[in-house]
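Notes follow the structure.
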Amino acid sequence: MSKDNRRLPVPSESKSPYLFVSKDKKPTVLVDENHLRSDGRKVGEIRPIYIRAGAVSQARGSAYIEMGQTKVLCAVYGPREVTRREDFSMKGQLKCELKFATFSRRYRCQHQSDNTEKDLSMVLRDTLEPAVCLDRFPRSHLDIFVTVLEDGGSALAAAITCASVAIARGGIEMYDLVIGMTVYDEPPTDNGTVTVGWLPCIEQISGLTQRGQMDISITKECLKQCVASCQKMYPVIQQTLIKAHPNKLE
Amino acid sequence: MAVVQGWKNWYPGRLGYVDFVFGLDNLRNDGRGCEDYRSLDLETDVVSNSSGSSRVRLANTDILVGVKAELGEPAADKPSEGRIEFFVDCSANAAPEFEGRGGEDLALAISNTLAQSYDNVSSLDKRKLCVIPGHQCWVLYVDILLLECGGNLFDAASVAVKAALFNTKIPNLDVTKNEKGEPSLELRDDPFDCMRVDVAAAPCLVTLNKIGYHHVVDATREEESCTLARLIMGVTADGNVVTLKTEKSGSLDPESVFEMMQTGKRVGISLNNTLSAKLKQEETMAPKKGKKAFLR
C-alpha cells in the first residue's frame with residue numbers, strides 16, 4: 001500500500017499496521033446450517049434497499065442508493081459537446097468516473113484514481129452503453145460521476161443501478177434501465193464473485209464480470225441468481241422514478 | 001435475437017460481412033471456422049536484459065513481453081505472498097490512435113484483465129515468490145509491448161505473458177540471520193542456480209466476438225470492427241474460468257452467453273495444452289545462434 005507521508009509522518013522503518021491486525025474478524029462461517037447468513041438473511045435474499053432519484057440539484061440527473069452499508073451517489077451532466085476533434089463520433093459517448101471516497105473502505109483510498117477505480121469505471125461504461133440511446137446525442141458526451149461513500153460490498157452493482165436511475169432521472173432517452181447485482185460464491189467449491197448488469201425489460205445482459213476461480217456451471221447458476229434478484233428489484237426502481245417525477249404521475 | 005441495439009448503426013459493409021461470410025458453411029473470410037485461431041509464432045528468451053521474455057506473432061499482431069524480477073515489499077494484506085504487476089505499453093508505432101494518451105484505455109483494459117486472471121491462488125502460487133514474510137518478496141514486473149495490432153490483442157498478450165513467465169528465471173536466495181537476529185539475504189555463487197515459475201495452471205485469455213448470430217474466436221481487426229459485444233474469458237488448462245468480462249456496447253442474451261462460455265472453455269483448454277506442449281518442445285531445442293531480429 002502506498003503511504004501518504006505528508007499526512008502521517010512516520011519513521012522510515014515503520015510497518016503497516018494492517019500487518020498486525022488479526023484476521024479473525026472475518027466471519028468463518030458465511031452460511032450456517034439453517035442456510036442463514038451472519039446478518040440473518042437467506043442465501044438468495046438481498047439487503048434492504050433505499051433509492052432516491054434526484055439528489056444533486058445542479059446535475060441534470062442524479063440518484064442515491066443504499067444497499068445495506070453500501071452507499072453510492074451518482075450525478076449525470078450533459079450531454080456536452082465534444083471539444084477534441086479526434087473524439088468526434090456520430091454516436092454519443094459516455095464518460096464514466098467511479099471514485100471511492102477516501103474514507104469509504106478499511107484501507108484509506110487515495111485522491112487520485114487508482115487502477116481498480118479506472119477498471120470499474122470502464123466496466124460501468126460498458127454496462128451502461130447498451131441501455132442508452134447513444135445516437136440521440138451525436139458528437140457529444142454524457143458525464144457520469146459516481147462516488148462510493150461507503151463500501152459495504154457490491155459497490156459496483158450499486159453503482160450500475162444508481163447510474164442508470166440517474167440517467168433516467170435526467171430525461172436521457174434509454175432503451176431500458178440497467179440493474180446491477182453481485183453474487184458471491186461460497187468457498188468450499190470455488191471462490192469468486194459474479195456481477196451482472198441486467199436489462200429487465202429487454203431481458204438481456206448488458207455487462208458481466210467474474211472475479212476469482214469458478215467452474216462455468218457455477219457461473220451459470222450465479223448468473224441466474226443475479227437475474228432473478230434483478231427482476232425483483234425492478235418494480236422498486238420503477239416506483240422510485242415515478243415518485244421522483246416532477247409532474248407527479250398518478 | 002442476439003444483439004438488441006445497433007441495428008441502426010449497421011452500415012451495409014457490416015451486414016455484408018455477416019451475410020456473406022457465414023452464408024457458406026460457417027466459414028470466415030480467411031477460410032477459418034468460428035473456433036479456429038490463426039497461426040501463431042512463439043519465441044522465448046528474446047531479450048537478454050530481462051529475467052524472462054517472449055515474443056508472439058499472431059498473423060499481424062506482434063507482442064513482446066519482458067519479465068523483470070525485483071525484490072520488493074509484499075502487499076500489507078498478503079504478507080507471505082510475492083507480487084506480480086502488469087504494465088501494457090501501446091506503442092504509437094502499432095497504430096496512430098495510440099499516440100500521446102490514446103492507447104491508455106486499451107492498455108489499462110489489457111493489464112487489468114491480466115492482473116485479474118492471475119489474482120488467485122490457483123493460477124499462480126505467489127507464496128513461492130515470498131523471501132521473508134512481511135518484509136521481502138519477489139515482484140514480477142511483466143511489461144507488455146504492443147508492436148503491431150492485427151486484432152485479438154487480449155489473447156495474444158496472455159499467451160505471450162504465459163510464455164514469458166515460463167521462461168522466467170529467478171535467482172535462488174539464502175536467508176541467514178546475523179547475531180542480532182536480523183535477517184540478511186545472500187545470493188548464491190552459481191549464476192545458473194535459479195528458480196522457475198510454475199505456469200502449469202496459468203490462464204490464457206479467450207475472446208469471443210459476437211457477430212450476428214455467430215461467435216468467433218481470434219477476430220481480425222476487420223471482424224473486431226463489426227463486433228457489437230464480446231466476452232473475454234481467462235481459462236486454465238483444467239477448464240476453470242478465472243476471469244470473465246463483457247466489453248463493447250452491445251447486450252447479450254443469457255442463452256448466448258452460456259453458449260459462448262462453453263465455446264470459450266473448450267477453446268481455452270486446447271489453447272493452454274498446445275501452448276504448454278510447444279513451450280516444453282522449444283526448451284529442449286538446441287540454443288539459438290545469435291539473437292533473432294524482431295518484426296521479421
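So you know, we letter chains A, B, ... as the sequences are listed, proteins then strands, and number each from 1. Keep in mind that what you see is a predicted model, and the values were worked out from it rather than measured.
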Point to revise | Closest-packed option against chain A by number of heavy-atom pairs under 4.5 Å, given B:Glu255, B:Met233, B:Lys248 | key: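 Heavy-atom pairs under 4.5 Å are most numerous for B:Lys248.
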
**Study point:** Interface residue of largest heavy-atom contact number with chain A, from B:Asn120, B:Asp238, B:Asn112, under 4.5 Å
**Key:**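 So the answer, after comparing B:Asn120, B:Asp238, B:Asn112, is B:Asn112.
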
In plain terms, say whether [X] and [Y] are close enough for a salt bridge, that is, a side-chain N and a carboxylate O under 4.0 Å apart.
X        : Y        : answer
A:Arg125 : B:Asp105 : yes
A:Asp151 : A:Arg105 : yes
B:Arg83  : B:Glu85  : yes
A:Asp215 : A:Lys220 : no
B:Glu182 : B:Lys177 : no
A:Glu81  : A:Arg139 : no
B:Glu224 : B:Arg230 : yes

Exercise for review: Measure distances from A:Leu208 to the heavy atoms of chain B and classify the residue's part below 4.5 Å as side chain, backbone, both or neither.
Suggested key: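 Contact with chain B is through both the backbone and side chain of A:Leu208.
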
Side chain, backbone, both or neither: which part of [X] has an atom under 4.5 Å from a heavy atom of chain A?
X        : result
B:Val257 : side chain
B:Ala115 : neither
B:Leu231 : side chain

Exercise for review: State, without any angle test, whether B:Gln116 and B:Thr243 hold a side-chain donor-acceptor pair at a distance under 3.5 Å.
Suggested key: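 B:Thr243 and B:Gln116 do have a side-chain donor-acceptor pair below 3.5 Å.
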
Review point. Hey, would you say the B:Tyr141 and B:Phe86 ring centroids sit under 6.0 Å apart?
Key: no

Study note, to complete from the structure: Answer key: most heavy-atom pairs under 4.5 Å with chain B among A:Gly207, A:Ser206, A:Gly212 is A:Gly212

Review point. Residue by residue, which of residues 152-163 of chain A have a heavy atom closer than 4.5 Å to a heavy atom belonging to chain B?
Key: none

